[in-house]
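The structure appears right after this line, and notes come after that.
It should be emphasised that the depicted structure is a prediction, and the values quoted were computed from it without experimental measurement. In the text below, chain A, chain B and the rest are named by the order of the sequence lines, each starting its count at 1.
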Number of protein chains: 2
Amino acid sequence: MELSVAEENYIKAIYSLSQSGKVSTNDLAQAMQTKASSATDMLKRLGEKALVNYVKYQGVSLSDAGNRVALKTIRKHRLWEVFLVNKLQFGWDEVHEIAEELEHVRSAKLTEKLAEFLGDPRFDPHGDPIPNSAGELPKHSVKTLGECKTGEQLILQRVNDGNPEFLQYLERIALHLGEKLKIKSQYTFDNSVEIERQDGSVLMLSETVTNNLYVIEQ
Amino acid sequence: MELSVAEENYIKAIYSLSQSGKVSTNDLAQAMQTKASSATDMLKRLGEKALVNYVKYQGVSLSDAGNRVALKTIRKHRLWEVFLVNKLQFGWDEVHEIAEELEHVRSAKLTEKLAEFLGDPRFDPHGDPIPNSAGELPKHSVKTLGECKTGEQLILQRVNDGNPEFLQYLERIALHLGEKLKIKSQYTFDNSVEIERQDGSVLMLSETVTNNLYVIEQ
DNA sequence: AATTATTTTTAGATTTGCCTAAAAATATAT
DNA sequence: ATATATTTTTAGGCAAATCTAAAAATAATT
């Protein structure tokens with residue numbers, strides 16, 4: 001089936017929102033920066049194409065076919081991000097927008113040749129997992145630094161890539177994926193956290209920051 | 001100005017058709033595989049945007065702005081073809097369709113970084129010249145093998161990339177860009193040509209073939 | 001020059017994806 | 001439980017890009 005760019009984008013949004021249960025029309029409209037009535041229109045169409053399970057007033061979820069579309073699109077998006085950063089030397093804060101366009105290029109052969117060219121990467125430049133050609137996602141952290149306890153020794157595995165300014169901030173303080181961290185102290189009045197880095201230096205991170213850094217145990 | 005994919009494609013078609021004078025609505029419609037009425041609609045819109053000089057019933061030509069759009073799009077198309085062939089190991093007969101999609105990705109920074117990554121190539125895999133970032137085209141051959149005389153010593157510089165089967169045929173007989181050729185004989189009854197190759201072997205080419213091979217003098 | 005043929009444009013529909021405004025359904029609060 | 005607020009859907013429109021069929025303009029022919 002030949003999907004439009006708009007259809008693919010809605011499916012991606014539903015995929016991402018449905019990590020936390022069924023998706024409401026309003027939430028979807030907000031994620032798509034559009035009006036609820038537009039979302040309703042699209043849900044009807046996606047329902048007719050059997051890409052979503054949609055019942056009026058009951059919210060929506062992806063069908064198996066819809067899920068495959070979502071994962072295929074996410075795979076392409078993240079592979080292109082790897083290309084842009086690793087091969088074209090873009091900064092990790094610059095690639096999201098461009099990948100949003102590249103992900104809609106249709107050729108499946110292109111996707112697979114690109115993956116091979118990049119060495120079949122399993123994670124994108126922000127640490128987000130790249131589905132393989134069968135649509136399987138590598139395991140990845142869902143635990144934020146904000147959820148951890150004082151004394152824990154951690155590795156930064158993934159960062160939220162939703163905000164370029166946040167990524168620029170991380171670049172500024174040279175906080176990179178794979179870095180080992182230890183929580184020195186936590187301040188309950190504002191949930192800020194003091195961490196010790198590999199080189200022994202110490203860093204103070206706000207709650208907003210720690211909620212957008214995903215870690216694994218060292 | 002933010003142009004749609006359709007607008008960019010019409011502009012490319014007008015550019016390519018206007019190599020041989022002013023472009024008629026019918027020719028444009030045929031090139032775009034659409035109806036004359038659709039072409040008329042688009043010409044009005046492009047006229048309003050000052051990308052073409054369009055007067056009812058008088059045909060159309062590109063304005064300076066339209067010309068810049070055409071060259072920019074051609075630059076992107078041909079750079080992506082180089083990427084697909086040189087980096088992803090696609091065959092030269094497989095890349096046109098994919099590049100038709102990639103050429104519409106908007107980021108100018110992407111184009112320039114891609115060009116740099118590829119070593120600022122001046123010609124695409126079919127020998128077509130790639131406009132530089134200022135929109136200047138490298139010199140390229142406009143003389144077909146079919147126009148040459150017996151005894152001439154030539155170099156194959158460019159091939160018509162319009163037909164994948166033609167490209168596959170050239171691959172089959174291993175006729176590659178840069179190869180030195182000598183015309184041994186020409187047959188006037190069907191305009192076929194016998195050429196001698198570098199390795200001394202001899203090849204018989206039909207008129208259709210020689211009209212789609214562009215050469216320079218050796 | 002008048003007729004015929006061809007090309008081009010206009011008029012009116014269709015589809016996709018969006019909008020606003022109003023109506024209907026569901027959720028919340030008193 | 002009734003009233004109020006919120007969410008969701010419907011109804012009706014708009015713009016882009018296409019189509020068919022008919023009208024208008026231009027070109028070709030006798």
Side-chain angles (χ1 to χ4, degrees), chain A residues 1-15 17-18 20-62 66 69-70 73 100-101 103-106, chain B residues 1-15 17-18 20-62 66 69-70 73 100-101 103-106:
Chain A
M1 199 187 343
E2 199 80 329
L3 296 186
S4 73
V5 169
E7 287 169 332
E8 283 184 356
N9 283 336
Y10 270 93
I11 287 174
K12 267 203 315 172
I14 296 166
Y15 177 88
L17 291 169
S18 60
S20 41
K22 239 184 187 173
V23 177
S24 77
T25 303
N26 251 10
D27 289 354
L28 181 57
Q30 193 173 19
M32 292 298 297
Q33 308 243 64
T34 183
K35 296 299 154 76
S37 55
S38 305
T40 301
D41 277 1
M42 182 57 89
L43 290 180
K44 279 188 198 165
R45 238 173 303 144
L46 294 176
E48 279 161 24
K49 294 190 179 187
L51 293 164
V52 300
N53 310 114
Y54 169 60
V55 184
K56 272 194 204 178
Y57 295 105
Q58 307 294 127
V60 71
S61 63
L62 289 180
V69 170
T73 311
E100 282 292 303
E101 295 193 51
E103 75 188 7
H104 300 294
V105 175
R106 282 161 175 71
Chain B
M1 202 188 340
E2 197 81 330
L3 297 187
S4 71
V5 169
E7 287 169 331
E8 283 184 356
N9 283 336
Y10 270 93
I11 287 173
K12 266 204 315 172
I14 296 167
Y15 177 89
L17 290 169
S18 60
S20 41
K22 237 183 189 174
V23 177
S24 77
T25 304
N26 251 9
D27 289 354
L28 181 57
Q30 192 173 18
M32 292 298 296
Q33 309 242 64
T34 183
K35 296 299 154 74
S37 55
S38 306
T40 301
D41 277 3
M42 182 57 90
L43 289 179
K44 278 187 199 165
R45 238 172 304 142
L46 293 176
E48 279 160 24
K49 294 190 178 187
L51 294 164
V52 300
N53 310 114
Y54 169 60
V55 185
K56 269 195 205 180
Y57 296 104
Q58 307 295 126
V60 72
S61 62
L62 289 180
V69 171
T73 310
E100 282 293 303
E101 294 193 51
E103 74 187 8
H104 300 294
V105 174
R106 282 162 175 71

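OP1 or OP2 of D:dC19 lies within a sub-4.0 Å distance of a side-chain N or O belonging to B:S38. Taking 4.0 angstrom as the limit, B:K35 places none of its side-chain polar atoms (N or O) nearer than this to OP1 or OP2 of C:dT8. The shortest distance between the side-chain N/O atoms of B:Y10 and the OP1/OP2 oxygens of D:dA16 is not below 4.0 Å. For D:dT8, neither phosphate oxygen OP1 nor OP2 lies less than 4.0 angstrom from any side-chain nitrogen or oxygen of A:Y54. Within the 4.0 Å cut-off from OP1 or OP2 of D:dT10, at least one side-chain nitrogen or oxygen of A:K56 is found.
For B:E48, there are no salt bridge (Lys or Arg N to Asp or Glu O under 4.0 Å) partners two or more places apart in sequence or in a different chain. Remark: A:S24 engages A:D27 in a side-chain hydrogen bond (donor to acceptor under 3.5 Å, both in side chains) (not counting sequence neighbours). Applying the salt bridge (Lys or Arg N to Asp or Glu O under 4.0 Å) test to A:E7 and every residue at least two apart in sequence or in another chain returns A:K49. Judged as a salt bridge (Lys or Arg N to Asp or Glu O under 4.0 Å), and not counting sequence neighbours, A:E8 has no contacts.
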Please table the atom pairs, donor to acceptor, closer than 3.5 Å between any side-chain atom in residues 28-38 of chain A and protein atoms at least two apart or in another chain.
| from | atom 1 | to | atom 2 | distance (Å) |
| --- | --- | --- | --- | --- |
| A:T34 | OG1 | A:S38 | OG | 3.4 |

Inset, instruction - Evaluate the side chain to side chain contact (heavy atoms under 4.5 Å, CB included) criterion for residues A:L51 and A:I14: first the C-alpha distance (whole Å), next the side-chain angles of each, then the deciding distance (0.1 Å), finally the verdict. - result: CA-CA 11 Å; A:L51 293 164; A:I14 296 166; over 6 Å; no

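As a whole-Å value, the separation of A:Q30 CD from D:dT8 C1' is 15 Å. When the P atom of C:dC18 is taken as reference, atom CG of A:L43 falls 12 Å away, rounded to whole Å. Rounded to whole Å, the distance from NE2 on B:H104 to P on D:dA16 is 18 Å. Rounded to whole Å, atom P of D:dC19 lies 11 Å from atom CE of B:M42.
Only B:S24, B:T25, B:N26, listed by number, bring a heavy atom of residues 21-28 of chain B to less than 4.0 angstrom from any atom of DNA chain C.
Inter-residue side-chain proximity for A:T25 and A:L43 is flagged as met; some heavy-atom pair is nearer than 4.5 Å.
At the heavy-atom level, B:T34 lies under 4.0 Å from the strands shown only through sugar-phosphate atoms. Note on A:A36: a base of the nucleic acid sits closer than 4.0 angstrom, heavy atoms only.
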Protein-nucleic acid N or O pairs under 3.5 Å, nucleotides 23-25 of chain D:
| from | atom 1 | to | atom 2 | distance (Å) |
| --- | --- | --- | --- | --- |
| D:dA25 | O4' | B:Y57 | OH | 3.4 |

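Looking at which nucleotide of DNA chain D each of B:K49 and B:Q33 is closest to, the 5′-most match is held by B:K49.
The base of C:dT10 lies outside donor-acceptor range of the side chain of B:T40, with no N or O pair under 3.5 Å.
Taking every side-chain heavy atom of A:D41 into account, C:dC18 is the closest of C:dC18, C:dT9, C:dT20. Among the nucleotides D:dT18, C:dC19, C:dT26, the one closest to the side chain of A:Q58 is C:dT26.
Sorted by first and then second residue, the side chain to side chain donor-acceptor pair (under 3.5 Å) pairs with a member in residues 50-59 of chain A read A:N53-A:S61; sequence neighbours excluded.
Here the OG1-OH distance, from A:T73 to A:Y15, works out to 11.0 Å after rounding to the nearest 0.5 Å. Atom NZ of B:K12 is separated from atom CD of B:E100 by 3.5 Å, given to the nearest 0.5 angstrom.
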